[in-house]
Amino acid sequence: MTLEDRLRRRRAAGRKLLMPYVTGGITTTWLDQLRAFVEAGADLVEVGLPFSDPTLDGATIQEATHRALARGATTRGILDDLAGAATDVPLVASTYYNLILHAGPQRFCAALREAGVSGLIVPDLPLGEADELAGSAASAGIDLVLLAAPTTPPPRLAQIAERSRGFVYAVSVMGTTGERTTVAASAGALVDRLRPTTDRPVLVGFGISTPEQAAHVARTADGVVVGAALMRRVLDGASPYDVGSYLARMRRALDQDLPPGGGQWTRA
C-alpha cells in the first residue's frame, strides 16, 4: 500500500491527518522522539535529512539541522537508523535537492525504500525540473510530494496537484518555516483553490504551532504539518515524552469539534 493509499483510507474514515517533523540525528534519542510521535497519534512522520544550507527553513529548523550535523549526522546514518526502527505509520523524508544530486536520484530513492521510507519532500525542487526525480521515486515506490504556495498561479497549481503523490503540501505563507502566533488567511485560500484541482489529501504546513491552530486549519484542510513548534522544544531540552505529550494535545484538538474561534486566520 502506498503512502497515498494509507492517507486516503484514514481520511475516508473521517480522520484529520497529523504529520509531525523531526530532524534526523538532532539528539541521541531522536528515534525515541519519532516513536513518541507515533504513540501520540501521528498519521505519518516527516524526517528531515540535514543539509548544510537549509535556505527555506526558519531559525528553529536551521538550528536543529546544524545541531544534527555537528553531532555527525549523515544521510546514510539516518537511513540506517530508520531501517531498524519499527513503526506502523508511513515515514516521509524531506531534504534539499543537492543531497539527491550528489547520490543520484535513482540510488537515493532506492536507499529511501530500503530504509522503509514511503514519501519524499524536496522543497527546492522546481516543478519544471522534477521529471527525473519523479521517475526514480515512482520506480522505487516512493511518493514524491510537491509543494503549493499562496502565490502559485492557477495553471501551475493544477499541474502541482496533478503530479504530486501522497498528498499536496500547502504552504501557509510565503516565507520560511517557523512558529507563528496566528495562521495566515492565505492558507485557507490556498486550500480552497486546490480543492477543485485534486482529490488527494491536502496538508497545510509552515507555522502550525498550537493545538488551536491545528484544529482551525483542519476545518478546511485534510491535515496539518507541525515542525518548528516540536523542534524548538527538543532544542530546549524537552524529553521525547514531553514532546510527544505536546503532540498528543494537537491530536486531541484535531479529533474534537472545537467551538468557533479556536484559531483565527489573519492577513498574510
(message) Between R76 and D80, does any NZ, NE, NH1 or NH2 come within less than 4.0 Å of an OD or OE carboxylate oxygen?
(response) yes

(request) Return the minimal non-hydrogen interatomic distance between R233 and V243, and the atom names on each side. (result) CB-CG2, 4.2 Å

(request) Please report the shortest heavy-atom distance between A68 and G24, naming the atom on each side. (result) CB-O, 3.5 Å

(message) Between E63 and R232, is there a side-chain heavy-atom distance shorter than 4.5 Å?
(response) yes

(request) Kindly state each residue pair satisfying ring-ring contact (aromatic ring centres under 6.0 Å, His included) with at least one member in residues 20-48, sequence neighbours excluded. (result) none

(request) For the residue pair V202 and L190, establish whether any side-chain heavy-atom pair is separated by less than 4.5 Å. (result) no

(message) Is the shortest side-chain heavy-atom distance between T220 and D192 below 4.5 Å?
(response) yes

(message) Whether the side chain of S164 engages the backbone of A161 through a donor-acceptor N/O pair (distance < 3.5 Å, no angle test) should be reported.
(response) no

(message) In the structure I gave you, are the side-chain heavy atoms of V47 and V117 within less than 4.5 Å of one another anywhere?
(response) no

(request) Before accepting this row, confirm whether a basic side-chain N of the pair D32/R35 lies closer than 4.0 Å to the acidic partner's carboxylate O. (result) yes

(request) Hey, could you give me each pair passing ring-ring contact (aromatic ring centres under 6.0 Å, His included) that has a residue in residues 64-117? Not counting sequence neighbours. (result) F51-Y96

(request) To the nearest 0.5 angstrom, please state how far the CD1 atom of I121 sits from the CG atom of L147. (result) 6.5 Å

(message) Would I61 and M231 count as a side-chain contact (heavy atoms from CB on, under 4.5 Å) here? Give the steps.
(response) CA-CA 7 Å; I61 302 300; M231 290 302 94; 3.8 Å; yes

(request) Taking the side chain as every heavy atom from C-beta outward, state whether E162 and L146 have any atom pair closer than 4.5 Å. (result) no

(request) Can you see which heavy atom on S209 is nearest to which on A229, and at what distance? (result) O-CB, 3.7 Å

(message) Using side-chain heavy atoms (C-beta onward) and a distance below 4.5 Å, is T75 in contact with T95?
(response) no

(message) With a 4.5 Å cut-off on side-chain heavy-atom distances among I, L, V, M, F, W and Y, is there a chain of contacts connecting L101 to L133?
(response) yes

(message) I need the S118 OG to E4 CD distance, nearest 0.5 Å.
(response) 11.5 Å

(message) Between Q62 (side chain only) and D57 (backbone N and O only), is there a donor and an acceptor less than 3.5 Å apart?
(response) yes

(request) May I ask you to decide if R165's main-chain N or O and R200's side chain share a donor-acceptor pair within less than 3.5 Å? (result) no

(request) Apply side-chain contact (heavy atoms from CB on, under 4.5 Å) to L34 and L91, showing your working. (result) CA-CA 10 Å; L34 189 154; L91 301 177; 4.1 Å; yes

(request) Nearest 0.5 Å please: distance from the CZ atom of R193 over to the CG atom of L157. (result) 5.0 Å

(request) Specify the closest pair of heavy atoms between P20 and L247, including all atoms of both residues, with the distance to one decimal. (result) CG-CD2, 3.7 Å

(message) As an exercise, state the distance from CG of L235 to OG1 of T23, rounded to the nearest 0.5 Å.
(response) 7.5 Å

(message) With side-chain contact (heavy atoms from CB on, under 4.5 Å) as the criterion, how do L82 and L31 come out once you've worked through the C-alpha distance, each side chain's angles and the decisive distance to 0.1 Å?
(response) CA-CA 8 Å; L82 289 177; L31 285 178; 4.2 Å; yes

(request) Report the distance from atom CD1 of I26 to atom CG of L69, rounding to the nearest 0.5 Å. (result) 11.0 Å

(request) Any chance you could measure R67, atom CZ, to T27, atom OG1, to the nearest 0.5 Å? (result) 9.0 Å

(request) For I208 and V225, run side-chain contact (heavy atoms from CB on, under 4.5 Å): C-alpha distance rounded to whole Å, both residues' side-chain angles, the deciding distance at 0.1 Å, then the answer. (result) CA-CA 7 Å; I208 310 301; V225 183; 6.0 Å; no

(message) Tell me which one of R9, R6, R10 satisfies salt bridge (Lys or Arg N to Asp or Glu O under 4.0 Å) with D43.
(response) R10

(request) For the residue pair V22 and L230, establish whether any side-chain heavy-atom pair is separated by less than 4.5 Å. (result) no

(message) Looking at Q106, I'd like to know if its CD atom is crowded, meaning that more than 12 non-hydrogen atoms belonging to other residues, nucleotides or ligands lie closer than 6.0 Å.
(response) no

(message) Which residue is it: I100, L125, L3, L49? I am looking for the one with a side-chain contact (heavy atoms from CB on, under 4.5 Å) to L120.
(response) I100

(request) Identify the residue among L254, V224, V217 that makes a side-chain contact (heavy atoms from CB on, under 4.5 Å) with K16. (result) L254

(request) State whether D222 and R8 are salt-bridged, where the test is any N-O pair (Lys NZ or Arg NE/NH1/NH2 against Asp/Glu carboxylate O) under 4.0 Å. (result) no

(message) Is there a side-chain contact between I142 and S136 in this structure, where contact means two heavy atoms from C-beta onward sitting under 4.5 Å apart?
(response) no

(message) Show the nearest heavy-atom pair for residues L144 and A137, with the distance to one decimal.
(response) CB-CB, 4.3 Å

(request) Might you point out which heavy atoms bring P201 and L7 nearest each other, and give the distance in Å? (result) CG-CB, 4.1 Å

